[in-house]
Each structure stands twice: as C-alpha cells, then as structure tokens.
Amino acid sequence: MSGLSMETATAATLAGSPRPARHRPPASGISRFVDSGLRWACRGAAATILLMLILPVSVLLIQAWPAVHRFGAGFLVSSEWRANELEIPVRDAAGKIIQKDGENVTTIEPPSFGALPVLYGTAVSAMLALIFAVPFSFAAALFIVRVAPKIKIAGPLSFLIEFLAAIPSLAYGLWGLFVLAPFLATTVEPALISTLGKVPFLSWMFFQDVEIAGATVRRQLPAAGRDMLCGGLVLGIMILPIITAVSRDVLKNVPRAQIEGSLAMGATWWQSCVEMLRYGRAGLFGAVMLGLARAAGETMAVTMVIGNNNQIVLSPLAPAQTMASLLANEFAEATDGLHGSALLYVALILLVMSLLFNIVARYLVVGKNSRTSGAH
Amino acid sequence: MPARRDNPTARVTSNVLYLICTVASFVIVGVLILITGYLVSIGISSISLDFFTRVATGDPNDPGGMKHAIVGTLMLLGMASLVGVPVGILAGVYLSEYADDSGRLNSAVRFTADVLSGLPSIVVGIVGYELLVVPMNRLFDIKYSGYAGAAALAFIMVPIVARTTEEMLRLVPGSYREGSLGLGATKAQTILRVILPAATGSVITGVMLALARVAGETAPLLFTALGSRFLTMDPSQPFPSLTAQIYTYATGPYEKEKQMAWGGMLVLIAILFVLNMLIRYVAHRSVRKFQVS
C-alpha cells in the first residue's frame, strides 16, 4: 500500500468508522482467552471445510468398494444393469434347451452392473444442453456488455438474468414435464418424423433396433416427449442464465483499449466483438465448463423429463438416463448390497467428474479474471 | 487481414450479427419469462386460503393444503442456518483474517470451498444418507429425519457463506485493523467489534445467497429428510419440505395434486424473489459504504 492511499484510507476511516475506537487496557486474562478461542474456532471451521470434501469422498469410496473391486474399470464400459439374478436355460451345441427330468436345466447369472448407459446419457444430454445454450448465452452476454448500456437496460437485464439463475431446477423440471414434453410429443416430434424421417441417412434418429425373441427388429420410435431431446432442451434452458452471467463478467473485464483499439483500426462492430471474444476466450471456456458441470450434475429437472430408460439408444427421441437420474430413481430401493454399492460407484464417478469440471472452470475463470464470482 | 468498416460486405455481416445478438438476448429473456410467467399464472389459480392453512390429507380428490411443507421448508432452512452460518462465517474469517495468504493450507481451504459449491446436489443427498441416516439408524433408531435434511442443506450453505464472507471482509480497509490493533485491542476484539460490524451487511448478503440456493434444493432432501405429508415439529421424524412435496405431487398421477405442485412452486419462487431483492438491496448498500475512500 502506498503512503498516499494509506493516508486517504485512514482519513476515511476516521470520518466514517462505524464505531469510534476507545482506549483499551492491555489484554486481560479473559480477552486473551477469547482471543485464542476465536482463533481456534476459525481454524476449526476451516478444517471442517477440508473435512467436507475428504469425508464424502472416503465414505463413497468405502461404500462403493465392493462394486469397484468386483467390476473394476469394466464398470465404465459395460452396459448391463441388472439388480436381480437371471435364470438362463442351458442350451446344447445345436441350440436346443437341455432338459433333465422334464425340467429345463438352468444356470444362474449373478446381478451385473455397468455404467455405460448413464455415462452416455449424461454426456449426450449435457452436450445437447451446451449446443442449445452456448450460442444464445454468448450472444446475450455480448448484447449486455456492448449494446444494453447504450439503451440503459443493462441493469434490469442483469437483474433478470441473475434472478432466473436462482430459480430452482425443480421449476424447470415442472415446466418441462407438463408443458415442453407434451408439446414435443404432440407437435414437434411428429413433425420431425414426417419430414426428416424420410431422409435415408438420418434414419438412426427415428429407428431403434430391438431384439425380440432372438431376432433383431427395426422399430420406429414413438414420439415420446419425455426423452433425450427433452432432457437436453430443459438442461439447456436451465444453464442459459449461469453461462450468460459468467460470460458477461468475463467480457466486462476485457480492457476498453482492446475494443477501442480495434474500432480505431477500422474494425466493424462485429469484428471488435470477435476481438473481445478472443481476448476472453479462456474465461468464456470456463463459463462453458461451469455450465457443463451444472448440466452433468443436475438431478431433479432431468429425472422428470428424460424418460429414465437405462439403455443406450442413438436416437435423441428415445428415453434415456443420466447418472444423477439413475441415483434419484434407484437409490431409495437399492436394498441389495451390490446394487447399492454399484450406485455409490456411479455417485463416486459423478463426484469426481464434477470436481474435474469445476476445477478447470475455476482455474480458467478465476485465474484469468481475478475475483470474478458468478454470484454477483 | 479482415475487411475494414468501409467494406460493404463486412458492414452487412456486422449489422446482421448485431441483429442476431439482439434477437438472441430477447429470445432468452422471453423464453425464461415465459416459463416463469407460466408457472406463476398456473400457480396463482391453485392458491387459496386452504393452501396456507391446511395440511395434506392424502386424499387425491381433496389434497388439502401445503402448510406442512411451507413450515417444514422454513424449519429446515432455520436448522441448516443454525449450523451452516456460524461455521461458514468462522471459516470466512479464518481465510480473510488469520490465514497466511500464501499459505498452502489457506489455498487448500479456499480451493475446497470453491469446489464444494459445485458439487452435484444428488451427491450431497447420498453422502448425507451414508454419513447421517445410516449411522443414526444404528445408534438411535432414527431413520430419515429433519436433522439429516438440515445437515445436508447446511453442507451446501457452508462453502457459499465462507467464500462470500471472506470476499466481503477483504473489502474492509486495512486501516480498520491497524487502527484497532494500534489502540491495543486483541485480534479477537478487532474482528468481533470492528471488522465484522463493518461488514455486517455484506455477510448477511452471503447468508441470504446461501439460503436462496438451498431453499430450492430437492435432491439433497430425497434420501435425508425424505419428505412427509404431516405437519411435524419433531426433527427426528421424516420431515416435510416444499420441494419434496412438489416433486411427489408433480410426478404422481392425480390432477388435483399436480395443481398443488404448481401452487407450491409459485410460493417457492415468491420466497426466492423476495430473497433476491433483499440481497441486491443489502449488497448495494454495504458495498457503497467502502467506496468512499
């Protein structure tokens, strides 16, 4: 702190101090006790925060261990999710079911769990959400920073965006379930099916290979409404405000000289915007990562609209399942040890994944633009 | 070398993209207002006096009211604040006043707090189940309980309160500390009588931010407080909350109960709106205080 600013600060303090400092005698026994008490209380609270990360991770790790031990990394690539034992009739070389004493000979397949469908569902729904949300968010952030101040609506617009960011995801889920999903099922998806459905190389979007009695049948997907598309859309709408708010903060921190310089060189409005985007690209990427972390970890809204089908189907019109929605749906019913353990394995993956996203986002947003917090 | 402003093509491109940006922002705001407007308009029609004065009946033709859920949410928020606010503020004080800025422990705590605020809420719920519900079931024969629900919410509140408190305490000019210490006050006296009073408004903002965040949470409560359709003041029982009740009603089959869900959502959004206005008001006032110097 330079001498001058210290002087002005002190003057301001004397003028505006909320409580004029009184003369105090040297610290007595009691105040020394309070002093060390507060210090230890603060240290304890700080240690609590560290424990709040260590405890959950270790508890999840311990509880998930049976599943981690049993399935290992294969858990990530297996798409089987079966909580019950399966009785399979044994067939001989010719494919005929072997019978003994008039009854089928069977083998018991133990329960088996794999996270591939939910990993796929999480990744695809989050990607869809980003595809919907990012262009709109960046455009709106540019508008708020470059255009809105001129027509004096930057303040109200910012307030609106921040308020919308605070609306609970359950509200978006409710709207998705009762308004968007029926609208998709009755209007949008039939229209898509009747137009794009005839394009030959887009047929993967509308058909699903189903195995019925050993034979593979190609079946047209119904317009379900509650499906991957709906989940992605709801997630996209949900993360719009947060990405907009953070990228607005990032763009605001671009030095004015950067914009004015490019304008002085004869750049058009858009070219100077491109300059801004380029300057803030790390922070903008951080904003996208924050949105991705939100989308990937979101539970209630997705559970309500994604259809909850634990299967990999390429088509966005098919019901799907994400890690979070799987946990919300099955955790309460998982009585069997291995089933619960497998779910905790999924929770552990979700935890680690969101930690990674958040670390990258914090590093990019906070590292490049010192002290930007999304909340303000 | 991009074309200059006097190039007609570049100018047209720029104008078109200007228009696109404008339209896009109005589309965003429009869609979001449409959604909230829809929630509000449907919600209003299902709110009556009964909504606030009656508890759930369990009868799909006459679902009663949401009094139990509103009271439950307020009580959960109160209990969560009782734990989360002091711990959060103390941790914030530690980060701002005690910790050595370049210290490794300090940056570890700050980093952890940042990362914790991005934890998926369903994970918080599951951890709450494993850390609280299961042990409490073994020790005291309490299964799902208000205590566990409040603890899960407090878990989310602590990092938010800690980080905002830290940021706000850092705004208090260093001369306040120097002046107080120079007059012979202990560090604790400086913090409790000078710094915290000077930053009260901002610290309250942080607390309200945290409350606004947890008031709308459902996932952490699913496996901890569980939800209930009875009005209860006993936190050792499964505990009702607005969000859990909305979720149960919305995903259930009955039309009248879905109506109640819309009404509940409206009440929740109203609470959040009031909190948001308060946050802006308090934050505006308290930040301005230090901008004189």
Side-chain angles (χ1 to χ4, degrees), chain A residues 8-10 12-13 16 18-19 21 23-24 26-27 31 34-35 38-39 41-43 45-46 48-50 52-53 56 59 63 136 139-140 142-143 147 160 163-164 166 168 170-171 174-175 177 240 266 268-271 293 297 299-300 324 327-328 331 347 350-351 354-355 358-359 362 375, chain B residues 2 4-5 10-11 13-14 17-18 20-22 24-25 28-29 32 35 38-39 87 90-91 93-94 98 109 112-116 118-123 126-127 130-131 162 173 175-176 179-180 183-188 197-198 209 212 216 218-219 223 243 246 250 265 272 276 292-293:
Chain A
T8 41
T10 317
T13 311
R19 185 186 286 251
H23 173 73
R24 278 177 211 292
S31 60
V34 172
D35 199 39
L38 186 66
R39 182 162 58 240
C42 289
R43 278 187 194 160
T48 308
I49 289 194
L50 289 181
M52 280 167 58
L53 187 61
V59 157
Q63 301 287 343
F136 279 100
L142 274 178
F143 180 83
V147 184
L160 209 59
F163 173 62
L164 292 169
L170 189 64
L174 212 57
W175 177 81
L177 180 63
L240 268 176
T268 59
W269 179 83
W270 174 249
Q271 284 163 346
T299 314
M300 302 324 290
L327 292 171
F331 189 74
L350 185 59
L351 174 80
S354 77
L355 287 187
N358 275 292
I359 289 169
R362 303 272 153 197
Chain B
R4 287 168 53 96
R5 200 161 37 225
R11 218 164 48 211
T13 319
S14 177
L17 284 159
Y18 183 97
I20 288 178
C21 278
T22 312
S25 17
I28 287 188
V29 172
L32 292 169
I35 294 176
Y38 189 86
L39 289 171
V87 174
L90 285 174
V93 169
Y94 172 83
Y98 285 104
V109 171
T112 311
D114 273 349
V115 165
L116 279 178
L119 219 59
S121 47
I122 185 85
V123 173
I126 285 177
V127 168
E130 296 292 342
L131 269 177
S175 53
Y176 278 43
S180 168
L183 287 167
T186 63
K187 187 136 192 175
L209 265 176
T218 322
F223 313 124
T243 46
I246 292 170
M265 187 46 82
L272 290 173
N276 232 282
V292 196
S293 49

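Every chain is numbered from 1, with letters handed out A, B, ... down the list of sequences.
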For this session: Could you pull out the closest heavy-atom pair between B:Ala10 and A:Gln271, with the gap in Å?
Result: CB-NE2, 4.2 Å

Exercise. Among B:Val93, B:Ile246, B:Thr13, which residue forms the greatest number of heavy-atom pairs with chain A at distances under 4.5 Å?
Worked result: B:Ile246

Problem set entry | Part of A:Leu164 lying under 4.5 Å from any heavy atom of chain B | side chain

Exercise. Who among B:Val87, B:Thr112, B:Val109, B:Leu17 has the most heavy-atom pairs with chain A under 4.5 Å?
Worked result: B:Leu17

Problem set entry | From CG (A:Leu160) to CG (B:Asn276), nearest 0.5 Å | 10.5 Å

Exercise. So, for B:Met265 and A:Pro168, which heavy atoms are closest and what is the spacing to 0.1 Å?
Worked result: SD-CG, 4.5 Å

Problem set entry | Residue A:Phe163 excluded, over 12 heavy atoms near CZ under 6.0 Å | yes

Exercise. Which region of A:Leu327, side chain (C-beta onward) or backbone (N, CA, C, O), has a non-hydrogen atom less than 4.5 Å from a non-hydrogen atom of chain B, or is it both or neither?
Worked result: both

For this session: Quickly, which of B:Ile126, B:Val123, B:Val127 forms a side-chain contact (heavy atoms from CB on, under 4.5 Å) with A:Leu351? Name it, please.
Result: B:Val123

Problem set entry | Distance (rounded to the nearest 0.5 Å) between B:Tyr98 OH and A:Arg43 CZ | 8.5 Å

Exercise. Using non-hydrogen atoms only, which part of B:Leu272 is less than 4.5 Å away from chain A: side chain, backbone, both, or neither?
Worked result: both

Exercise. Side chain, backbone, both or neither: which part of B:Tyr18 has a non-hydrogen atom closer than 4.5 Å to chain A?
Worked result: both

Problem set entry | With B:Leu119, the side-chain contact (heavy atoms from CB on, under 4.5 Å) member among A:Asn358, A:Leu355, A:Leu350 | A:Leu355

Exercise. What residue in B:Val115, B:Ile28, B:Leu39, B:Ile35 has the most heavy-atom pairs under 4.5 Å with chain A?
Worked result: B:Ile35

Problem set entry | Part of A:Leu177 within contact of chain B (heavy atom distance under 4.5 Å) | side chain

Exercise. Under a 4.5 Å heavy-atom cutoff, which of B:Ser121, B:Gly216, B:Ser14, B:Ala91 has the most pairs with chain A?
Worked result: B:Ser14

Problem set entry | Side chain, backbone, both or neither of A:Ala166 within contact of chain B (heavy atoms, under 4.5 Å) | both

Problem set entry | Segment of B:Ile122 engaging chain A (4.5 angstrom heavy-atom cut-off) | both

Exercise. Could you state the interatomic distance from OG1 (B:Thr218) to CG (A:Leu170), rounded to the nearest 0.5 Å?
Worked result: 4.0 Å

Seminar exercise, completed: Interatomic distance, CZ@A:Phe331 vs CD@B:Glu130, rounded to 0.5 Å, equals 4.5 Å

Exercise. Mind checking whether B:Leu90 and A:Leu38 have side chains closer than 4.5 Å, heavy atoms only?
Worked result: yes

Seminar exercise, completed: Here the gap from B:Ile20 atom CD1 to A:Leu142 atom CG, rounded to the nearest 0.5 Å, amounts to 12.0 Å

For this session: Side chain from CB out, backbone as N, CA, C, O: work out which of these in A:Val59 comes under 4.5 Å of a heavy atom of chain B, or both, or neither.
Result: side chain

For this session: Please state whether the side chain, the backbone, both or neither of A:Leu240 comes within less than 4.5 Å of a heavy atom of chain B.
Result: side chain

For this session: Output all residues satisfying side-chain hydrogen bond (donor to acceptor under 3.5 Å, both in side chains) with B:Ser25, sequence neighbours left out; order by chain, then residue number.
Result: none

Exercise. Which distance, rounded to the nearest 0.5 Å, do you find between the SG of B:Cys21 and the CZ of A:Phe143?
Worked result: 9.0 Å

Problem set entry | Pairs of heavy atoms under 4.5 Å with chain B: top-ranked of A:Ala324, A:Gly297, A:Pro56, A:Ala45 | A:Ala45

Seminar exercise, completed: Counting heavy-atom pairs under 4.5 angstrom with chain B, the leader among A:Asp35, A:Val34, A:Thr299 is A:Asp35

Exercise. Which atoms of A:Ile49 come close to chain B, meaning under 4.5 Å heavy atom to heavy atom: side chain ones, backbone ones, both, or neither?
Worked result: both

